[in-house]
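Report on the following structure.
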Protein chains: 2
Amino acid sequence: MSCHESEILTKIVLTIFRLNGCLIQAGDELVKSLKLTSAKWQVMGAVTLAGKALTAPQIAVAMGITRQGAQKQVNAMVKEGLMILQPNSGHKRSPLIALSELGARVYEKVDRIWVDWANQLATGIPDHDLLETLHTLEKIRERLVNNTRG
Amino acid sequence: MSCHESEILTKIVLTIFRLNGCLIQAGDELVKSLKLTSAKWQVMGAVTLAGKALTAPQIAVAMGITRQGAQKQVNAMVKEGLMILQPNSGHKRSPLIALSELGARVYEKVDRIWVDWANQLATGIPDHDLLETLHTLEKIRERLVNNTRG
DNA sequence: ACTCAATTGACAACCAGTTGGCAAGTGAGT
DNA sequence: ACTCACTTGCCAACTGGTTGTCAATTGAGT
C-alpha cells in the first residue's frame with residue numbers, strides 16, 4: 001500500500017535526523033584532539049577531494065551548504081593557519097583557498113583516524129548492504145532535489 | 001577490503017549530511033503555509049506519536065536532542081497557542097505538554113500533507129529497498145551509539 | 001566603451017541546536 | 001526528618017547553518 005510506503009519513509013527520515021546528529025557528535029569527538037570540528041573537517045575534505053584550490057562558493061557547492069556558511073569556516077581556518085589564500089588570476093575578489101602545510105598535515109592525521117573508525121563501524125555490516133543503502137539514499141536525494149526544485 | 005568499506009561508509013555519511021539538509025529544507029517548505037517549521041512539527045509529532053502528554057525532557061529523548069533544545073520549541077509553541085501545559089501531579093516543576101485544540105487541528109493538516117508528499121517521494125522505489133535501507137541505517141546508528149558511549 | 005545582470009566577500013540578523021551554570025523540586029538512603 | 005544526588009526550567013553564550021543587504025568585481029550584449 002502507498003500508505004505503508006509513507007510509513008517506512010517516515011521512519012527513514014527520522015533515522016536520518018538522528019544519524020545526522022550522532023555523526024556530527026561522533027565526528028567532533030574524533031577530531032577534538034586535533035583542535036578541529038566536524039565543520040572544518042568537511043571544508044578540508046572538500047578541498048582535498050577536489051585535488052586543487054577552490055573558491056569559497058565552490059567549497060559551498062561541494063558541501064551542499066550556502067556560500068556564507070562555507071565562508072565562515074574558511075575565514076576561521078585561514079585565521080588559524082590551517083588554510084591559505086592564493087590570488088585568483090581569474091577573479092580579483094575571490095581568492096583560491098588551499099590547505100596550508102599545517103592544514104595538510106592535520107588533515108592527513110584526521111583522515112587516518114576516520115578510516116580506522118569507519119572500518120570499525122562497518123565491520124559486521126555486509127558490503128552489499130552498505131552499497132544498497134547508499135544507492136537508495138542517493139535515489140531518495142535525487143527525487144527530493146528534483147521535487148523541491150521542480 | 002576493509003579500505004573499501006570505509007569508502008562506502010564515507011559516501012553514506014556525506015549523503016546523510018546532504019539528505020538531512022534537503023529534508024529540513026523540504027519540511028520547512030511543506031509546513032510554511034501553516035506557519036510552522038520542521039522543528040515545531042517534530043515536537044508535535046513526538047507528542048502525537050506518544051499518544052499522551054509528555055514532559056519537555058521526554059520530548060527531548062523522543063526527538064534525540066537535548067532537553068534545552070526541546071524546551072525552546074515547546075516554550076515558543078505554548079506562547080503561540082499550539083500547545084498547552086497540564087499540571088503534572090507527579091512533578092510540580094515539570095508540567096505535561098499536550099497539543100492544544102488548535103495545535104491538533106494544525107498537526108492533522110500537516111500530517112495529511114506529509115503523507116501525500118512522502119508517498120509521492122517513495123513511488124518508484126521498491127518497498128523492499130526502503131525497508132533494507134531503514135534496517136541498515138538503524139544498524140549503523142546502533143553501532144554508532146554503542147561505539148560512542150562505550 | 002557602456003550597461004546591466006550575476007558573482008563574490010563582508011556584515012548583520014536570525015534559527016535550531018549545543019554546553020554550562022543556577023535555583024527549585026524530587027526521591028532514595030540513612 | 002536530613003542529606004545528597006538527580007531532575008527540571010530558565011538563562012546566557014556559543015556553534016553552524018540560514019536569509020538578506022551592500023558594495024566591488026566580472027562578463028556578456030550592445
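These numbers come from a predicted model, not from an experiment. Per chain, numbering begins at 1; letters A, B, ... match sequence-line order.
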- Message: What does the B/S/- profile of nucleotides 21-26 of chain C look like, 5' to 3', with a 4.0 Å heavy-atom cutoff to protein?
- Response: B-BBSS
- Message: Is any side-chain heavy atom of A:I59 closer than 4.5 Å to one of A:V74?
- Response: yes
- Mind calculating the distance between CD (B:Q42) and C1' (C:dC15) to the nearest angstrom? 14 Å
- Hey, does A:T66 reach any base, or is it just sugar-phosphate, or nothing, if we go heavy atoms under 4.0 Å? base
- Message: For A:E108, is there an ion pair with A:R112 - N to carboxylate O distance below 4.0 angstrom?
- Response: yes
- Query: Does B:I97 or A:M63 map to a spot on DNA chain D nearer the 5' end, using the closest nucleotide for each?
  - Reply: B:I97
- Message: Looking at C:dA10, I'd like to know if its phosphate oxygens (OP1 or OP2) sit under 4.0 Å from a side-chain N or O belonging to A:N75.
- Response: yes
- Residue pair A:S38 / A:D28, side-chain donor-acceptor N/O under 3.5 Å: yes
- Query: What is the distance from NZ of B:K32 to C1' of C:dC15, rounded to the nearest Å?
  - Reply: 15 Å
- Query: In whole angstroms, how far is the P atom of C:dT19 from the CD1 atom of A:I24?
  - Reply: 12 Å
- Are side-chain heavy atoms of B:W117 and B:L121 found at a separation under 4.5 Å? yes
- Take atom CG of A:L23 and atom C1' of C:dG17, then tell me their distance rounded to the nearest Å. 16 Å
- Message: Using salt bridge (charged side-chain N to carboxylate O under 4.0 Å, His left out), reason through B:K32 and B:E29 one step at a time and then give a plain yes or no.
- Response: CA-CA 5 Å; B:K32 197 167 62 177; B:E29 197 67 32; 3.5 Å; yes
- Query: Who pairs with B:W114 by side-chain hydrogen bond (donor to acceptor under 3.5 Å, both in side chains), at least two apart in sequence or on another chain?
  - Reply: A:T10
- Between B:L19 and the options A:I12, A:I16, A:V13, the side-chain contact (heavy atoms from CB on, under 4.5 Å) test singles out A:I16
- Return the value, rounded to whole Å, for the distance between atom NZ of A:K79 and atom C1' of C:dG9. 13 Å
- Task: Please determine if B:E80 and B:K40 form a salt bridge, counting it only when a charged side-chain N lies under 4.0 Å from a carboxylate O.
- Result: yes
- Message: Whole angstroms only, please: what is the NZ-P distance between B:K72 and C:dC15?
- Response: 10 Å
- Message: Please classify the nucleic acid contact of B:T37 as base, sugar-phosphate, or nothing, using heavy-atom distances under 4.0 Å.
- Response: sugar-phosphate
- Query: CD1 of B:I65 versus P of C:dA16: gap in Å, rounded?
  - Reply: 11 Å
- Query: Over how many whole Å does the gap from B:Q25 atom CD to C:dC15 atom P extend?
  - Reply: 17 Å
- Task: For the pair A:E138 and B:K11, find out whether any cationic side-chain nitrogen is under 4.0 Å from an anionic carboxylate oxygen.
- Result: no
- Covered region of DNA chain D, 5' end to 3' end, by chain A [heavy atoms, under 4.0 Å]: D:dG16 to D:dG27
